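Below is one structure; the comments refer to it alone.
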Number of protein chains: 2
Amino acid sequence: MKSPIPATTVSRLPVYLRTLGALPSSQHTCSSDQLAALAGVNSAQVRKDLSYLGSHGTRGVGYEISELRDQLRRALGLVQSYGVVIVGAGNLGSALTNYAGFSAWGFEVVALVDADSKKIGTVVAGHDVEGFDELGRIVKERNAAIGIIATPARAAQEVADRFIDAGVRSILNFAPAVIEVPAEVVLRRVDLSTELQILTFHLHQG
Amino acid sequence: MKSPIPATTVSRLPVYLRTLGALPSSQHTCSSDQLAALAGVNSAQVRKDLSYLGSHGTRGVGYEISELRDQLRRALGLVQSYGVVIVGAGNLGSALTNYAGFSAWGFEVVALVDADSKKIGTVVAGHDVEGFDELGRIVKERNAAIGIIATPARAAQEVADRFIDAGVRSILNFAPAVIEVPAEVVLRRVDLSTELQILTFHLHQG
DNA sequence: TAGATTGTTAATCGATTAACAATC
DNA sequence: TAGATTGTTAATCGATTAACAATC
């Protein structure tokens, strides 16, 4: 079953959710105008996006903040906790493992994995580094839902394949590589060099 | 002067550039079909995107790889080196500083800055950590073009403001905060928790 | 020439937003 | 009631892609 919520809307829901958190606690409702200004989008877009969650605003008043927060959380699936396995115990994997936002949103790093035998058994960011060979067992035993690839580009496809073999259906790729996954796997890519190159495009144009 | 190249096209140019790097060196031309397959997009889109750089393909043959690489580099402004200042010497700032891709694409970390007096003067990822108070002087003296924010969310706006005061016109924000910048400043945001929440949306739907 | 592939048009598709009736 | 703001429609805008003439 395909989601009726457009991907562009989905990518804005986390922004709205964070925006609500920044509102003063004395405020109990907020308007689409206010949300739009804080999130940096058009107010008609806010109303349209929120209407996909069901229409829970009050005309003349706005949205009840705590109710809206619950609805956003429910829509995003943030009503349960998710196990995260990070592959790559280098600087990036270590920074990701330490990321405080994980637990704030219900994510838990259940393993930090690396292929380098010199790293296996050491403690990085409070986690024992485990062997890449163990990935399948780890994912299954600890019921991990999300895989993060924080390896060099050349290893990325192999890591993705092993995640998928183990049953992971959501992958976040920090390696600067385009990788192939079956249609049922959701893959997102975060790529520093792409971001930098988009900046230099504009620097160069300006 | 506004760029005639659409933002969606700009964001794909780095992907094409990297894709060329992955081609066997025995190959001297490539078709839009091949590029499309490797980059994961439609071949008509590849041709349209590349046509913005000028029409340099050969009908019946394809694109000359080394020529196309040069054109992509030129379009993205990767024909010079750019100084990068990173604010935030925590795990993320440290990982970013260590990122090998910087020098590969002509970026150079010219300073790593932190507001925490306990960190100032220590060496992180091979760089002396300098004080946030020095930011303006550092940017100007070292001619930094790009600012990276790797601080907690609450500091992000202040860091952006100080970057802008110092003359930085390109900012990459890793802090989970929406920040305001004047129209002439290019701001990109990389947000781990947004990415994770988009994944959980799909997990939850599936 | 025959086959291949570009460059570009025009059709399609989808996302954004102005506008306003509904209604608190 | 008067003012405010939602929910939704319809218009607009922009991006994607099928199709094909041009041409190597």
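Treat the numbers as computed from the prediction; the structure is a model and nothing was measured. Computation of the quantities below employed the complete heavy-atom set of this structure, encompassing side-chain atoms and omitting hydrogens, waters and symmetry-equivalent molecules. Proteins come first, then strands; the chains are lettered A, B, ... in the order of their sequence lines, and each starts at number 1.
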Boundaries of the chain B footprint along DNA chain C (any atom under 4.0 Å from a heavy atom):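 From 5' to 3', the first and last contacting nucleotides are dA4(C) to dT9(C).
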
Could you tell me whether Thr9(A) contacts a base, only the sugar-phosphate backbone, or nothing, with contacts defined as non-hydrogen atoms closer than 4.0 Å?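 No contact at all - Thr9(A) keeps every heavy atom at 4.0 Å or more from the nucleic acid.
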
Please report the C-alpha distance between Arg142(A) and Glu130(A) in whole Å, then the side-chain angles of each, then the deciding distance to 0.1 Å, and finally whether the salt bridge (charged side-chain N to carboxylate O under 4.0 Å, His left out) criterion is met. CA-CA 13 Å; Arg142(A) 302 175 204 172; Glu130(A) 299 175 83; 2.8 Å; yes

Atom CD of Glu180(B) with >12 non-hydrogen neighbours under 6.0 angstrom: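 Open.
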
Starting at the 5' end of DNA chain C, which residue's closest nucleotide do you reach first, Asp49(A) or Lys48(B)?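 The 5'-side residue here is Lys48(B).
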
Select from Arg12(A) and Thr58(A) the residue whose nearest nucleotide in DNA chain C is closer to the 5' end of that strand.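 Looking at the nearest nucleotide for each, Arg12(A) comes out on the 5' side.
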
Ion pair check, Lys140(B) and Glu134(B), cut-off under 4.0 Å: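 Salt bridge absent between Lys140(B) and Glu134(B).
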
Work out which heavy atom in Leu96(B) is nearest to a heavy atom in Phe102(B); give both atom names and the distance.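 Leu96(B) and Phe102(B) have their closest heavy atoms at O-CE1, 2.7 Å.
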
Does Ser66(B) form a side chain to side chain donor-acceptor pair (under 3.5 Å) with Glu64(B)? I'd like the steps, not just the answer. CA-CA 6 Å; Ser66(B) 70; Glu64(B) 217 272 293; 3.2 Å; yes

Would Arg189(B) pass as a cation-pi partner of Phe174(B), given that its NZ or CZ must be under 6.0 Å from the six-membered ring centre and within 45 degrees of the axis?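 No cation-pi geometry.
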
For DNA chain C, report each stem as range with range, ordered by first number, or say none. Use Watson-Crick or G-U wobble pairs under 3.5 Å, at least 3 in a row.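 Output for stems: C:3-24 with D:3-24.
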
Supply the atom-to-atom distance Asp114(B) CG to Thr151(B) OG1, rounded to the nearest 0.5 angstrom.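 Output value for this atom pair is 9.0 Å.
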
How about Val190(B) and Leu192(A): do any of their side-chain heavy atoms sit closer than 4.5 Å?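 No; the side chains remain at least 4.5 Å from each other.
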
